[in-house]
Structure formats: structure tokens, C-alpha cells
K.L.:
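Structure incoming, see below.
Quantities reported herein were computed from a predicted structural model and do not represent experimental measurements. So that the names make sense, note that chain A is the first sequence line, chain B the second, and so on, each numbered from 1.
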Amino acid sequence: MSVNTDAVGKSFPSVTYAVGREKVREYALAVGETNPVHLDVAAARAAGYADVVAPPMFAAVYSAPAVGPALFDDDVGINFAMMVHGGQEFRWGPLVVAGDEVTTTAAVKDISERGPMAFYVFESVSTNQRDETVCVGTWTNIVRGS
Amino acid sequence: MPITPGQELPELKVTPDRFLTVRYAGASGDFNPIHIDEEFAKQVGLPGRILHGLWSMAQVARAQTEAAGGPHTLRRLSVQFRGMGVPEQELIVTSTVRELHDGNAIVDTEAQQAGNKIIRKAEAELDLG
């Protein structure tokens, strides 16, 4: 297998995600959060937040609409039948709360191969409406070659 | 409670119920049928529906934030996904503080089900304020 690395450096259109209160609560319940700052507006405000706080891993939700098209891009050329999500990193800035608008831009950070496997690494950078970086994600997908 | 190198953080134990993957699909927007359609999962060679990796990663994240005192403490989390998580089996997150520097704790953490490590070599950075 010889993997095509031409797409390294390619970036994709940014996507803005409006963080909704009920979406945060739905997500928090699905991942088992019990901290009331994620579920109860009064508790969040008592703790000093403007509204319910998105759990840190909610980054997977607000950045997905920007990252998805990068994964499916023809120039990147991932063979989905053989792909697995191999690794993930998030680095967080200020917390995201309901009412925030988070804009994410995704890019191809690296494409490499090791033996029969190709590694596709994407980076997402998410900023809030105050232009603060709330999360940088590194998404590693592994494609087994033939 | 002060956090010190070598210290084990409290284990997080959670058993995803039969319909968890359906709820997480709705909550996250990831409707890949390998997570929600038993027949499809088997057709592509899986034992059955598998957990979303990012749900499992969220359990690793929750273990950290519950130990350290809230969502603001988690500055970074990196994981490698290995094996496959399955519904209706207890998932256990274990975490050990490796070192402290500049008021932050670096934590080695992993998640397993019945001894099968589904997240390994994970590293968290916690701001202890």
C-alpha cells in the first residue's frame, strides 16, 4: 500500500454550532453526568456560570459537523470499510455553556503509513463567540490496508 | 483532598444498559448502525452492537472531573481506542496520578470491560487550581 498524502494541510469550511440548553442536558444524561451544573440552570448559575455547562466531551458534538466532511472528503480518500477510530485528544479552554455559539474549523494534520496501516490525523479548532479557543481536537483514524 | 503522585483516583463503574447506544446516538448525532442495529453489526463481523468510542471516552473524562472537582478541571484528555465496548457489561475506569507540575496533575487512565481494555494509554491533565 502507498498512501496518498496530497491532502495534508487541506482545511475545510468552518461550521458554527449553537449550544442549546436541552441538548446539553440530553448529552449530559446520556453520558451519565450527575453534576448539577450540567443539568440544572439554577445550580449552574449558583456556581457562577451563565447557563448549564456542557460536559468537556460535548466537544465531540459541537465539532462533529466540521470534522465529518473532512473525513468524507474525496481528496483525503479514506476507505471507510476498513477504518477505525484509533485515537482522540481534546485540549480545552474556557467551558462552553448553553447559549454559546461555537465555530469549528477542521484540517488534515497528517497522513502517514506504518506497515499495513494508514494513519489519517485531523485537527479541529473550536472558538466561542468571544473568539476564545474552547477546544482543540486531534482525531486519529486508522485504515487497515490490503 | 490533596492529589499526590502515585495516588489512585476513585474508580468509576458504570453499566451501559441495553438502549444506551440509542440514547447516545441521539444525543451525539452519531447514528453509525454498528452502534444501534444488531443485525447490521453482525453482518459486518462484529459480535453485536458496540459502544461509541466517544461515549467510553466520556466515561474516562467523567472519572477525572468527578475526582478533581468539576468540569473546569479537565484541561486535556488523550486516548487510544482498543478492543470494542459492548452494552450490558460493566465498564470500569481506573486512574493513577503520574506526576504534578505547575499545579496540574498528569494522570494515567484506562477503561476496561471484563478485563478487556477498550481505552488504553490514556492521559489526562487536571488543573487542581
K.L.:
Are B:Val22 and B:Ile34 connected in the hydrophobic side-chain network, where two residues link if heavy atoms are under 4.5 Å apart?
P.N.:
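They do not share one cluster, since no chain of ILVMFWY contacts under 4.5 Å joins B:Val22 to B:Ile34.
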K.L.:
Check whether A:Val37 gets within reach of chain B through its side chain, its backbone, both or neither, counting any heavy atom under 4.5 Å.
P.N.:
side chain
K.L.:
Among B:Arg76, B:Glu123, B:Arg23, which residue has the highest count of heavy-atom pairs closer than 4.5 Å to chain A?
P.N.:
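So the answer, after comparing B:Arg76, B:Glu123, B:Arg23, is B:Arg76.
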K.L.:
What is the minimum heavy-atom distance between A:Gly32 and B:Arg62, and which atoms define it?
P.N.:
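Looking at all heavy atoms of both residues, the shortest contact is O-NH1, 3.1 Å.
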K.L.:
Quick one: pull up OG in B:Ser28 and CZ in A:Phe58 and give me the separation to the nearest 0.5 Å.
P.N.:
10.0 Å
K.L.:
Could you see if B:Tyr24 belongs to whatever hydrophobic cluster contains B:Ile118? Use Ile, Leu, Val, Met, Phe, Trp, Tyr and a side-chain cutoff under 4.5 Å.
P.N.:
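Yes, one cluster joins them.
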K.L.:
Minimum heavy-atom separation for B:Trp55 to A:Ala30, with atom names?
P.N.:
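So the minimum-distance heavy-atom pair works out to NE1-O, 2.9 Å.
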K.L.:
Is it the side chain or the backbone of A:Phe80 that comes within 4.5 Å of chain B heavy atoms, both, or neither?
P.N.:
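Contact with chain B is absent: no heavy atom of A:Phe80 under 4.5 Å.
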K.L.:
Looking at A:Lys23 and B:Gly26, what are the two nearest heavy atoms and their distance?
P.N.:
NZ-O, 2.9 Å
K.L.:
Is B:Glu8 atom CD crowded by more than 12 heavy atoms from other residues, nucleotides or ligands, each under 6.0 Å away?
P.N.:
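It does not: B:Glu8 CD has 12 such atoms or fewer within range.
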K.L.:
Identify whether A:Val8 and A:Val76 are in the same connected component of the hydrophobic contact network (ILVMFWY, side-chain heavy atoms under 4.5 Å).
P.N.:
yes
K.L.:
Between B:Glu125 and chain A, which part of the residue has a heavy atom less than 4.5 Å away: side chain, backbone, both or neither?
P.N.:
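Neither the backbone nor the side chain of B:Glu125 comes within 4.5 Å of chain A.
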K.L.:
Going hydrophobic residue to hydrophobic residue with side-chain gaps under 4.5 angstrom, can you get from B:Leu12 over to B:Ile92?
P.N.:
no
K.L.:
Without swapping roles, check the side chain of B:Gln59 against the backbone of A:Val31 for a donor-acceptor pair under 3.5 Å.
P.N.:
yes
K.L.:
Could you tell me which of A:Ala64, A:Gly93, A:Ala60 has the largest number of non-hydrogen atom pairs under 4.5 Å with chain B?
P.N.:
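Heavy-atom pair counts peak at A:Gly93.
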K.L.:
With chain A, which of B:Thr65, B:Leu20, B:Val60, B:Leu74 has the greatest number of heavy-atom pairs at distances under 4.5 Å?
P.N.:
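Most pairs with chain A among the choices: B:Leu74.
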K.L.:
So which of A:Glu33, A:Gln88, A:His38 has the biggest tally of heavy-atom pairs under 4.5 Å with chain B?
P.N.:
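Sorted descending by pairs with chain B, the first entry is A:Gln88.
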K.L.:
Are B:Phe31 and A:Tyr27 joined in one hydrophobic group, where the rule is that I, L, V, M, F, W and Y side chains link up if heavy atoms are under 4.5 Å apart?
P.N.:
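Shared cluster, no.
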K.L.:
Give, as side chain, backbone, both or neither, the part of B:Leu54 having an atom under 4.5 angstrom from any heavy atom of chain A.
P.N.:
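Answer is both: backbone and side chain atoms of B:Leu54 are under 4.5 Å from chain A.
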K.L.:
Does any heavy atom of chain A fall under 4.5 Å from the side chain of B:Val79, the backbone, both, or neither of them?
P.N.:
both
K.L.:
For B:Phe81 and A:Gly87, work out which heavy atoms get closest and say how close.
P.N.:
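That closest heavy-atom pairing would be CD1-N, 3.9 Å.
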K.L.:
Taking atom CZ of A:Arg130 as the centre, does the number of heavy atoms from other residues, nucleotides or ligands within less than 6.0 Å exceed 12?
P.N.:
yes
K.L.:
Can you tell me if NZ on A:Lys10 sees more than 12 non-hydrogen neighbours from other groups inside 6.0 Å?
P.N.:
yes
K.L.:
State, yes or no, whether a side-chain contact exists between B:Glu66 and A:Thr34 at a heavy-atom distance under 4.5 Å.
P.N.:
yes
K.L.:
Using only atom types and a distance under 3.5 Å, with no angle test, would you say the side chain of A:Trp92 pairs donor to acceptor with the backbone of B:Pro71?
P.N.:
no
